[in-house]
Amino acid sequence: MDFKSTLHLPDAEATIPMKANLPSLEPAIQETWKKGSIYNTIQKSRATAPVYVYHDGPPYTNSPIHLGTAMNKILKDFCVKSRTMMGYRVPFVPGFDNHGLPIEQAVMKKFAEKKITPTIPELRQACREHAAHYLGVQTEQFKRLGVFAMWDLPYTTMEFKFEAEIVRVFKRLSEGGYVYKGLRPTLWSPTSRTALADTEIEYHDHVSKAIYVRFPLLDDPNQLFEGIPNVFTIIWTTTPWTIPANLACAFHPEFNYDLVKVGQNHYLVLQDLVPKISEALGWEDIEVVKTMEGINFENMTFKHPIFDRPSIAVMATYVTTEDGTGVVHTAPSHGRDDFFTGQAYGLPVPNTVDEKGVLTHEAGEFEGTFYKKCDEVVVDRLSELGMLLKAYDYSHSYPYAERDGQPIIYRATEQWFVSLEHDDLRSRMLASIQKVEWHPAQGQTRIESMIRNRPDWCISRQRPWGVGIPIFYGAKSRIPVLDAVAIESVAQLIEKEGSDAWFIKDASDILPKGYQHPETGETEFTKETDVLDVWFDSGSTSMCVLEGNVHAEWGETLPADLYLEGSDQHRGWFNSSLILSQAIRDQAPYKAVVTHGFVTDGEGRKMSKRLGNVIDPVVASDQYGADVLRYWVAGTDYVNDVPCSDAILKQFGESYRNVRNAMRFLIGNLKGFNPSMAPAKLEELDEWLVEQVDLLVDDCVSSYEGFDFGAVMTSVHNFCRQQLSAFYSDAIKDFMYCDREDSVRRRSGQQACYYAAKTLTQLVAPVLAHTAEETWTKMHETMGLTNESIHTSVFARPDSSRLQEIEGSDIQVRFAELQSVRQEVNGAFELHKGTDGIKNSQEVVVYITTDQDTFDVLETFSRADLANYLKVSWVEYFVGDSEVRFERSPYYECVRSRIRRPDVSEIEVDGEKVYLSQRDREAIGL
RNA sequence: GGGCUCAUAGCUCAGUUGGUUAGAGCGCACCCCUGAUAAGGGUGAGGUCGCAAGUUCGAAUCUCGCUGGGCCCA
């Protein structure tokens, strides 16, 4: 007789295939999601559920996504999917950031290759097309990763209605009185008379006129140098033409400064630099009169070396001990450091150089001189006044404009700012930060110090690709109009025709008929030509998207429950979003912020083309599967640097297979089962598993709540390996295969397998989105049922009374003890193996001598079950000094079930003598 | 140079308030199974917890310094 055919072996057809073949499986699953419009289906399934709003930070659409972008979006997807499975409705509107310099530069490069100089509208059109192209590319890439979102209606910052809403955010901001115009140093090309971006600069060797200049002490409020005559400090600079704009001398607060006596004069310079200065200035007999830390000089003033005005002592940490004198010439109009230091001390920003590089009337006697020429003039004048200590040619690297190869300068230009002091905005933000939940907690320290120390926000850019700043100027007065009516007229124009229209149309075509300047009554206007900083665009998204002003589908849902971005966004998006939301709505736009680190290679080094260590997320998905990539994201601690390499992905591929096969086995046992059947009274082994599963659910759902996806996957993986593969799945084989198909024992086992399979699939679904869908579908198919997407289902989290019931339940305690006995038996058998030709534990009877407690526990199991659990032929146990030993089993092996037990005996079947156990005879009706 | 931060087996991670021989999984080695089979099981090797000093009866855990990464700024 063919006994094997009477067994109920797992049916490969009834379960998922062992080999996932994710690269081809995933696109197929994604196709079914697309057909069933998964996003909408999920939203509908949660129509009445509480809402959890996750607001997407927009990636920049100038290239395909890289691994970091992928990780970011996958993490967001984990949040969205897991929160959805907790029963929330989690609307997710994906965003794209479209304006700004990188796209403009990419486009300009293409024009340059064709030797075309585009008009502004042509350039903007090309930028729009470029952004639209990558918007499409990125969308497809995100879909390939299995990310669910409202892909049919994303927010894009260049969409007309969105641009209009950005203008309205500006309107609300200016209505609140936060917007002002001021001067600020900008990288400037005097030859092409334009502002330049950092990326348009290249450095070349350059010979400058370097000078040492002395500044006489003017006021010494703390009388540090009382009674000492002829006190000066000395600065060193390579830009003599900026001396007319000097307003301060910067000292390092923590460094030591010496007051050195040279002849009749006393000079205050950095102690460490005294030797260098002495050499440069030819000092011989010097005497250190006094030494003190820079901090002491705060409030001291010196006299400007040319003009009759003070130059105040200020503190700055960028003062170095390398060059110069340790005292830094500070001209707020001509350097960023200088400007910020000046802001901190409330210094003005004199407009000493015009757009052609010629000094203005604010430069006094130097008015009308070109800046380069001015070097000489200033040197001569200083020399004449006896303030010049030395002048010489100095070769160093100096910024040049990429476009015309000419040297550039910093000059003060008019810019638009958002004031952080108006209405106590800064302190209101600091208060809001306290109320936000920051994951990890350090994020709070980081943003706090940035908000506390950042200067006013300069929101204007002298660029073509952006949303024009909606400001009109009186044609004659040049006085700007910060009037809601005027700005709204711009918003309405842009809503209809896009922000291009702002650049094309005349002011008179935009403003309402007969509009008068609120301050001057003028009726003729010109327009601002600057655009908004792109951080203004993205900083506006909380309002543009979550107030639902652009598309009602996006809903009124401020503040968002969650923002999740890389830690660089403390300075970027978290910052700009907070400023605008606090100023306009007087609240932070987010309740919780999760930040993640950056992807590195396997060695912890940044990925770069140069190092050849770049992993492309789409290539990796097509090679290993998006689920493996997603497993990697979950399995790595995203708070710190996130290492990735082929070896690492392979490793997660292994873990993936472990989980997959564990689930595969469970489902393979479900044939003939249906969850609507009357529930069987579970056998204790099955009850044990169900309780273990419930503990796992609780553990994993709390981990999901805490954004700890690594803990979820570690728990699930360990569960699959230890509880399932190593124990439960092995233990049920005997009766699942050999008992009668419709036996109570099998039914109990199936019920447990179903529960475990269903639950595991759900737990894993936010991470292994495709595999879970595959498993879910297959499982229902095997049971002859139809199903909704797993992503509409809800975690079955046990309540606290159920958890209490499980903790310390009789079954859990007994099985825990069993596990430790199992470990001892396994260890002992490993040593016994080989003696007497024994290879396999099924060949032996184990004799366990143990203490009374363990004995009592063992006694609660049947011998047959114990033998099954311990993978041996039979078990004998005694009380006494701990010992485990083995003897060859005296029992016959059942030809059908391969067990060797006392009840196996000879029987004649079809004229053939075979050994069969009692159970097996019953199972096949003998 | 400044702010924030990280460093535990080859790899990915756990290690509660400082307290017995530092844990898990993957990988690796050897063995078993061949009725989960391009699967499954068992056992084992592998760490001076980045380095150095200090506090303490006792430190992977606390302090300081150093080295090397990462983000932001300069």
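Chain A is the first sequence line, chain B the second, and so forth, proteins listed ahead of strands; every chain is numbered from 1.
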Return the value, rounded to whole Å, for the distance between atom [atom1] of [X] and atom [atom2] of [N].
X      : N     : atom1 : atom2 : result
A:F665 : B:G40 : CZ    : P     : 12 Å
A:Q722 : B:G23 : CD    : C1'   : 11 Å
A:D637 : B:U12 : CG    : C1'   : 10 Å
A:Q823 : B:A24 : CD    : P     : 9 Å
A:L870 : B:G42 : CG    : P     : 12 Å
A:E893 : B:U34 : CD    : C1'   : 13 Å
A:L7   : B:G35 : CG    : P     : 10 Å
A:K871 : B:G42 : NZ    : C1'   : 11 Å

Would you measure the distance from the [atom1] atom in [N] across to the matching atom in [M] and give it in whole Å?
N     : M     : atom1 : answer
B:C28 : B:G10 : P     : 15 Å
B:C72 : B:C30 : P     : 47 Å
B:U8  : B:C4  : P     : 22 Å
B:G68 : B:C51 : C1'   : 10 Å
B:A9  : B:C73 : P     : 32 Å
B:A14 : B:G47 : C1'   : 15 Å
B:C66 : B:A29 : C1'   : 39 Å
B:U55 : B:C64 : P     : 15 Å

A:Y892 atom OH: more than 12 heavy-atom contacts under 6.0 Å: no
Residue pair [X] / [Y], side-chain donor-acceptor N/O under 3.5 Å:
X      : Y      : answer
A:D456 : A:Q343 : no
A:D627 : A:T771 : yes
A:H66  : A:T69  : yes

Under 4.0 Å, counting only non-hydrogen atoms across every strand here, what does [X] touch: a base, just sugar-phosphate, or nothing?
X      : answer
A:P440 : nothing
A:R454 : nothing
A:S729 : base
A:S5   : nothing
A:F652 : sugar-phosphate
A:A726 : sugar-phosphate

Can you tell me whether the side chain of A:Q651 and the base of B:G27 have a donor-acceptor pair closer than 3.5 Å?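 Result: no qualifying N/O pair found.
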So, under a plain 3.5 Å distance rule, would you say the side chain of A:Q442 forms a donor-acceptor pair with the base of B:C4? no
Taking the minimum atom-to-atom distance to the side chain of [X], which one of [options] wins?
X      : options             : answer
A:N826 : B:G25, B:G35, B:G42 : B:G42
A:K833 : B:C13, B:G42, B:G35 : B:G42
A:S449 : B:G40, B:A36, B:G3  : B:G3
A:R822 : B:C26, B:G42, B:C13 : B:G42
A:N640 : B:C26, B:U5, B:G42  : B:U5
A:K733 : B:A36, B:G35, B:U12 : B:A36

Taken to the nearest 0.5 Å, the spacing of A:S743 OG from A:F735 CZ works out to 8.5 Å
So, is [X] near the phosphate of [N], with a side-chain N or O under 4.0 Å from OP1 or OP2?
X      : N     : result
A:R721 : B:G40 : yes
A:Y737 : B:A36 : yes
A:R660 : B:G40 : no
A:R657 : B:A39 : no
A:N453 : B:G3  : no

Can you give the dot-bracket line for RNA chain B, using ( ) for pairs inside the strand, [ ] for pairs that cross earlier ones, | for pairs with another strand and . for unpaired bases, where Watson-Crick and G-U count if both distances are under 3.5 Å? (((((((..((((.....[...)))).(((((.......))))).....((.((..]....)).))))))))).
Between A:E843 and A:N661, name the one whose nearest nucleotide on RNA chain B is closer to the 5' end. A:E843
A:K19 vs A:P643, nearer the 5' end of RNA chain B by closest nucleotide: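 So the residue in question is A:P643.
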Closest approach of A:V767 and A:R630, non-hydrogen atoms and distance?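 The pair with the smallest heavy-atom distance is O-NE, 2.7 Å.
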Nearest heavy-atom pair of A:D730 and A:A726: which atoms, and what distance? CB-O, 4.2 Å
Here's a test for you: under side chain to side chain contact (heavy atoms under 4.5 Å, CB included), which of A:T636, A:V642, A:D637 qualifies with A:N640? A:D637
Letter per nucleotide, 5' to 3', of nucleotides 69-74 of chain B [B base touched, S only sugar-phosphate touched, - untouched; heavy atoms, 4.0 Å]: BSBSSS
For a 4.5 angstrom cut-off between non-hydrogen side-chain atoms, does A:Y631 reach A:L629?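 A:Y631 vs A:L629: side chains apart.
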When you compare the side chain of A:L75 with that of A:Y638, does any pair of heavy atoms fall below 4.5 Å? yes
Full working for side-chain hydrogen bond (donor to acceptor under 3.5 Å, both in side chains) between A:D533 and A:W457: CA-CA 10 Å; A:D533 177 14; A:W457 181 9; 3.1 Å; yes
Intermediate values then yes/no, salt bridge (charged side-chain N to carboxylate O under 4.0 Å, His left out), A:R898 and A:D734: CA-CA 9 Å; A:R898 296 174 180 171; A:D734 178 64; over 6 Å; no
Does the plane of the ring in A:F707 sit parallel, tilted or perpendicular to the ring in A:H439? Use 30° and 60° as the thresholds. perpendicular
